[in-house]
Amino acid sequence: MRKAARRIDSLARKALVASTWHRRSLSISSLRHQRLASSAATDFASSPSAPLSTTKPSLGSAKADRVPLSDSEGPLSAEDVAINHYAHFNPTPMSIKQFLDFGKSLSTNGKEFCAQSSFEFLRTELPVRLANIMKEIQLLPQNLQSQPSTKIVQHWYRQSFLDVIKYADADPHERKVVAKFTEDLAKIRNRHTLVVETMAQGVIELRKALLDEGKPVMDSATRMSIQYFLDRFYMMRISIRMLITQHTMLFGNELPFSARHIGTIDPECDIQAVIEDAYTNARALCETNYEKYPELRLQCINTVEEGVPAKMVYVPSHLFHISFELFKNAMRAVCERSTEPLGIADAHLPPIDVVIVKTAEDVTIKMSDFGGGIPQSNMPKLFDYMFSTAPTPLGGEVEPGQNVPAMAGYGYGLPLSRLYARYFHGDLQVYSVHGYGTDALIYLKTLSDSASELLPVFNKSVMKQYRAQRTHGWSSSTSKFGQLVEWG
Ligand code: W6P
């Protein structure tokens, strides 16, 4: 049973890699917040060595909640000074509408002009986002930071940070500069392709190291730190890839999915069509694994414009990713529960019910399966990276950095899907009736200007989160996972 489940994941991953869902996007328009961050500028002057570039802090907001960034004694490297400098700024969240408007402005303002302003935005915004999350890696438990795979990931981030800040003083009016920048962004995105798998490997390495020390279970403070970190880290990664892909699709030679698309954004994303596409893909995997599959029963209610397909401005690849993951889970539950003999489109398998409802404010997608549900004691595991990383599907021992095991069996699908939903201020929730079935709800914002990026910001209270010895103040649960309450 578990094997089949794993296989479905492995196949799913391959299908995904082959498909186009991981094209994501950006663009900018009202990013002209040229607020000079005075605090960072002063900090600059007082830093022990000059930063790598004499960049003018030009964008985003300086942090009110100043963070003591240099914990270490001794002189900082120029690189560390630059990282600290950029980490003093908050990332600037973009709304889907801003991405879209920027992409549309190409036809009125000219592509070259837009490429320049995108360049000017990204050469600061990307280092700000990179630096913020790099500072957070440094707050991870030392024993995780010191694992080979974690080191590799850190190295990639340093390299990419350096690649981008090289452009701090470059002339935006030089066509060649902007063209090279666009190429470099594509390279950076490729460098980071395996970040999720490699971080997962880092956790496996930590687990093994602890085991070798005779500590078979990770303490709950460490688990919580890692869970908290990975959510923030992967969210930042999603956002950085969005910025990069939006730029490379608008100004490089990568083609959008259709003429209608603005980078990865579909201004008329047909929700039902994306859901049906995800179902069809998941069904193919299901059929391969179980030789049967549940039917889809779908209902779409558009309260805004009755009788018209529910459309919205969204990144279809994100919605595909989320719903594909949910379908796999639902199908697995239905097929593994049923003792029906094999036979395609088994009439006795209960269908998966999907209802899509669009209102002026929300797009809600409810997916119900009758696969027997999840016991309450297992609910906290659903979005837990640590739990998902427990088995080592490909045998564990892997040369760091190369041939990192695939996602197969890690089951990062649900926590990552929730991040995609939350990225533009939506959400993903799972409710279950054990013995009966499960409802998964996807919430999205109808209005593209309400759908702004949800980005982790690094500050003092975040540092406290990592350092706190967390106790929840309730009598201990009988469940091993009872303490895995989310915080942050
Ligand atoms: C299950 C477990 C699950 C997780 C996510 C979505 C749907 C389902 N169904 O049984």
Side-chain angles (χ1 to χ4, degrees), residues 1-13 16 227 231 271 274-283 285-287 289-290 292-299 318-340 346 348-356 364-391 407-422 426-444 479 481 484 486:
M1 282 303 170
R2 288 295 107 207
K3 242 189 192 151
R6 250 175 230 164
R7 210 170 128 222
I8 206 170
D9 259 324
S10 153
L11 287 161
R13 200 182 51 81
L16 277 182
Q227 178 75 18
D231 268 337
I271 301 153
V274 175
I275 300 289
E276 282 171 347
D277 186 22
Y279 168 78
T280 307
N281 278 269
R283 186 176 80 175
L285 295 175
C286 184
E287 195 176 318
N289 282 274
Y290 298 102
K292 57 185 177 183
Y293 56 79
E295 295 290 344
L296 172 66
R297 261 192 331 208
L298 187 142
Q299 190 191 1
H318 290 186
L319 181 56
F320 180 92
H321 180 90
I322 299 163
S323 52
F324 179 65
E325 187 59 36
L326 294 178
F327 274 125
K328 278 191 295 166
N329 279 281
M331 287 178 184
R332 180 191 300 173
V334 170
C335 290
E336 294 195 356
R337 182 193 204 191
S338 129
T339 52
E340 292 296 329
D346 194 318
H348 301 287
L349 283 183
I352 294 172
D353 278 331
V354 171
V355 57
I356 300 164
T364 311
I365 302 156
K366 183 170 83 165
M367 185 189 294
S368 308
D369 70 61
F370 304 94
I374 313 157
Q376 280 301 298
S377 62
N378 279 354
M379 290 302 284
K381 298 177 193 171
L382 231 43
F383 295 100
D384 184 348
Y385 297 102
M386 221 55 34
F387 176 78
S388 306
T389 318
M407 281 288 283
Y410 288 128
Y412 274 24
L414 283 176
L416 288 181
S417 293
R418 188 170 64 179
L419 293 181
Y420 278 106
R422 288 181 175 173
D427 203 2
L428 167 59
Q429 294 173 15
V430 177
Y431 300 95
S432 192
V433 180
H434 191 214
Y436 181 74
T438 303
D439 286 355
L441 285 115
I442 306 168
Y443 296 97
L444 305 174
S479 161
F481 295 91
L484 274 175
E486 284 177 63

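Numbering of ligands and ligand atoms starts at 1, following listing order.
Contact check for Phe383 versus Val430: side-chain heavy atoms found under the 4.5 Å cut-off. Side-chain contact between Pro294 and Pro350: absent, with no pair of heavy atoms (C-beta onward) separated by less than 4.5 Å.
Residue Phe327 holds its CZ atom at 8.5 Å from CD of Glu276, rounded to the nearest 0.5 Å. Between the CG atom of Asp369 and the CZ atom of Arg332 there is a distance of 11.5 Å, given to the nearest 0.5 Å.
The side chain to side chain contact (heavy atoms under 4.5 Å, CB included) test with Ile442 is passed by exactly one of Thr364, Ile365, Ile271, Val354: Ile365.
In terms of protein heavy atoms, atom 10 (O) of ligand 1 is closest to Ala333 CB, 3.1 Å. Counting protein heavy atoms only, atom 1 (C) of ligand 1 is closest to Thr438 OG1, 3.5 Å. Remark: minimum distance from atom 9 (N) of ligand 1 to any protein heavy atom is reached at Asp369 OD2, 2.7 Å. The shortest contact between atom 2 (C) of ligand 1 and any protein heavy atom is with Ile374 CD1, 3.6 Å. Considering only non-hydrogen protein atoms, atom 4 (C) of ligand 1 sits nearest to Asn329 CB, 3.7 Å.
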